[in-house]
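Take a look at the structure below.
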Amino acid sequence: MRVNMTVNGRPQRADDVWEGESLLYVLRERLGLPGSKNACEQGECGSCTVRLDGVPVCACLVAAGQAEGRDIVTVEGLAARAGVPEGRLSPVQRAFVDAGAVQCGFCTPGLLVAADDLLARDPDPSDADIREALSGNLCRCTGYEKILDAVRLAAARGGAGDEAGRDGREG
């Protein structure tokens, strides 16, 4: 089957998709977007989190055919969604770098998508709100404190939107 969808603001088409193929597989292997990670394949870890029509989902649990005609945002699309020029980091991505929340990086894409979604809905979340929003994402490298710090920092800087005056580059 052929699946037509919008991914990170661009129309995309995947051909010869078989019935049991996941959205995660299509994104990574057919569309060349490796940001969403394949870890548990059971929707337990959150490493493959993407936004499907604005709702965070585990892409490993979504059949590719269910994405027909729908809008998907992956970690690769966060900067563009926030209005940040190409080659620069979104506010949430920048905050994760600045707060030292990136360890091995395997869980980071899912955490970023979940945090971006939270801040788009609630620009000033409580700690309980942050914990709830990130509860579906497992990290094996940290004690989560730096991740929570990063979301707090992103919120303090203005949430998921564009950061005026910041270029989003390290250094």
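Treat the numbers as computed from the prediction; the structure is a model and nothing was measured. FYI, side chains are in, hydrogens and waters are out, and symmetry mates aren't considered; it's all heavy atoms of this structure.
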Are [X] and [Y] in one and the same hydrophobic cluster, where Ile, Leu, Val, Met, Phe, Trp and Tyr link if side-chain heavy atoms are under 4.5 Å apart?
X: Leu27; Y: Tyr25; result: no
X: Val57; Y: Leu111; result: no
X: Ile130; Y: Val92; result: yes
X: Leu153; Y: Val102; result: no
X: Val151; Y: Leu112; result: yes

Can you measure from [atom1] ([X]) to [atom2] ([Y]) and round to the nearest 0.5 angstrom?
X: Cys48; Y: Asn38; atom1: SG; atom2: CG; answer: 7.5 Å
X: Leu33; Y: Asn8; atom1: CG; atom2: CG; answer: 6.0 Å
X: Glu19; Y: Met1; atom1: CD; atom2: CE; answer: 6.0 Å

Atom of [X], atom of [Y] and distance for their closest heavy-atom approach:
X: Val62; Y: Leu52; value: CG1-CD2, 4.3 Å
X: Arg70; Y: Gln66; value: CD-O, 3.0 Å
X: Cys139; Y: Tyr144; value: N-OH, 2.8 Å
X: Ala67; Y: Met5; value: O-CB, 3.5 Å
X: Leu119; Y: Ala154; value: CD1-CB, 3.6 Å
X: Cys58; Y: Gly46; value: SG-CA, 4.4 Å

If we ignore hydrogens and angles and just use 3.5 Å, is the side chain of [X] paired with the main-chain N or O of [Y] as donor and acceptor?
X: Glu68; Y: Asn4; value: yes
X: Asp71; Y: Asp53; value: no
X: Glu21; Y: Val26; value: no
X: Arg28; Y: Pro34; value: yes

field: Partner of Pro56 by side chain to side chain contact (heavy atoms under 4.5 Å, CB included), out of Asp117, Val73, Leu118
entry: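 That would be Asp117; it is the only one of Asp117, Val73, Leu118 passing the side chain to side chain contact (heavy atoms under 4.5 Å, CB included) with Pro56.
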task: For Val17 and Arg30, run side-chain contact (heavy atoms from CB on, under 4.5 Å): C-alpha distance rounded to whole Å, both residues' side-chain angles, the deciding distance at 0.1 Å, then the answer.
output: CA-CA 9 Å; Val17 174; Arg30 294 181 181 272; 4.1 Å; yes
query: Checking side-chain contact (heavy atoms from CB on, under 4.5 Å) for the pair Asp98/Arg157: CA distance, chi angles, key distance, verdict?
result: CA-CA 12 Å; Asp98 291 348; Arg157 290 178 174 170; 2.7 Å; yes
task: Check side chain to side chain donor-acceptor pair (under 3.5 Å) between Ser126 and all other residues, then give those that pass, not counting sequence neighbours.
output: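 By the side chain to side chain donor-acceptor pair (under 3.5 Å) rule, Ser126 matches Asp129.
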- prompt: side-chain contact (heavy atoms from CB on, under 4.5 Å) between Asn137 and Cys107: does it pass, once the steps are laid out?
  reply: CA-CA 7 Å; Asn137 298 79; Cys107 68; 5.9 Å; no
message: Applying side-chain contact (heavy atoms from CB on, under 4.5 Å) to Val75 and Gln93, what does each step give before you reach the verdict?
response: CA-CA 9 Å; Val75 68; Gln93 290 168 318; 4.0 Å; yes
Side-chain touch Thr74/Val7, heavy atoms, less than 4.5 angstrom: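 With C-beta onward as the side chain, the pair touches.
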When you look at [atom1] of [X], are more than 12 heavy atoms from neighbouring residues, nucleotides or ligands closer to it than 6.0 Å?
X: Glu41; atom1: CD; answer: no
X: Gln103; atom1: CD; answer: yes
X: Asp15; atom1: CG; answer: yes

- prompt: Would you call Arg152 and Asp149 a salt bridge, using N to O less than 4.0 angstrom?
  reply: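 A salt bridge links Arg152 with Asp149.
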field: For Arg131, salt bridge (Lys or Arg N to Asp or Glu O under 4.0 Å) partners two or more places apart
entry: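 Partners of Arg131 by the salt bridge (Lys or Arg N to Asp or Glu O under 4.0 Å) criterion come out as none, since no residue qualifies.
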